[in-house]
Amino acid sequence: MDTRDSKTPDEELEHLHEVSQPEDYDHPEPDVEQPEAREPDSGMAWLLPALIVVVAVVIVGLLVIGLTD
């Protein structure tokens with residue numbers, strides 16, 4: 001990550017060109033500087049919804065057990 005405060009005129013011009021370009025939604029390409037964007041997901045997308053369901057079932061179970069006593 002570039003943390004310099006000042007940029008050379010060439011760097012500033014290049015940045016302005018990058019920012020002023022409209023994003024191409026029809027042909028999205030991963031950023032060259034972000035190789036992780038080209039990698040497929042690791043298949044863990046199901047983990048959060050499954051965890052939410054398990055926690056909800058546990059909470060409902062505890063409520064049911066608590067109400068029957």
Side-chain angles (χ1 to χ4, degrees):
M1 182 175 180
D2 188 10
T3 57
R4 294 180 294 168
D5 289 334
S6 61
K7 296 181 179 180
T8 65
D10 291 336
E11 289 175 332
E12 188 66 31
L13 185 62
E14 180 183 342
H15 174 69
L16 288 175
H17 283 296
E18 290 174 1
V19 172
S20 66
Q21 295 288 332
E23 190 164 346
D24 185 9
Y25 292 105
D26 293 333
H27 303 95
E29 296 180 11
D31 194 355
V32 174
E33 297 172 357
Q34 295 179 344
E36 66 274 8
R38 285 185 251 127
E39 298 173 1
D41 64 349
S42 62
M44 301 274 294
W46 56 270
L47 186 61
L48 182 61
L51 184 63
I52 291 171
V53 168
V54 168
V55 169
V57 168
V58 168
I59 290 173
V60 168
L62 290 173
L63 287 174
V64 168
I65 291 172
L67 293 177
T68 59
D69 286 341

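For clarity, every value in this text was computed on a predicted model and none was experimentally measured.
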Exercise. Would you say Leu16 and Glu12 make side-chain contact, with heavy atoms under 4.5 Å?
Worked result: yes
Problem set entry | Co-members of Val53 in a cluster of I, L, V, M, F, W and Y side chains, linked at under 4.5 Å | Val57
For this session: Calculate, to the nearest 0.5 Å, the distance between atoms CD and CD belonging to Glu11 and Glu14 respectively.
Result: 7.5 Å
Seminar exercise, completed: Ile52 meets the side chain to side chain contact (heavy atoms under 4.5 Å, CB included) criterion, sequence neighbours left out, with Leu48
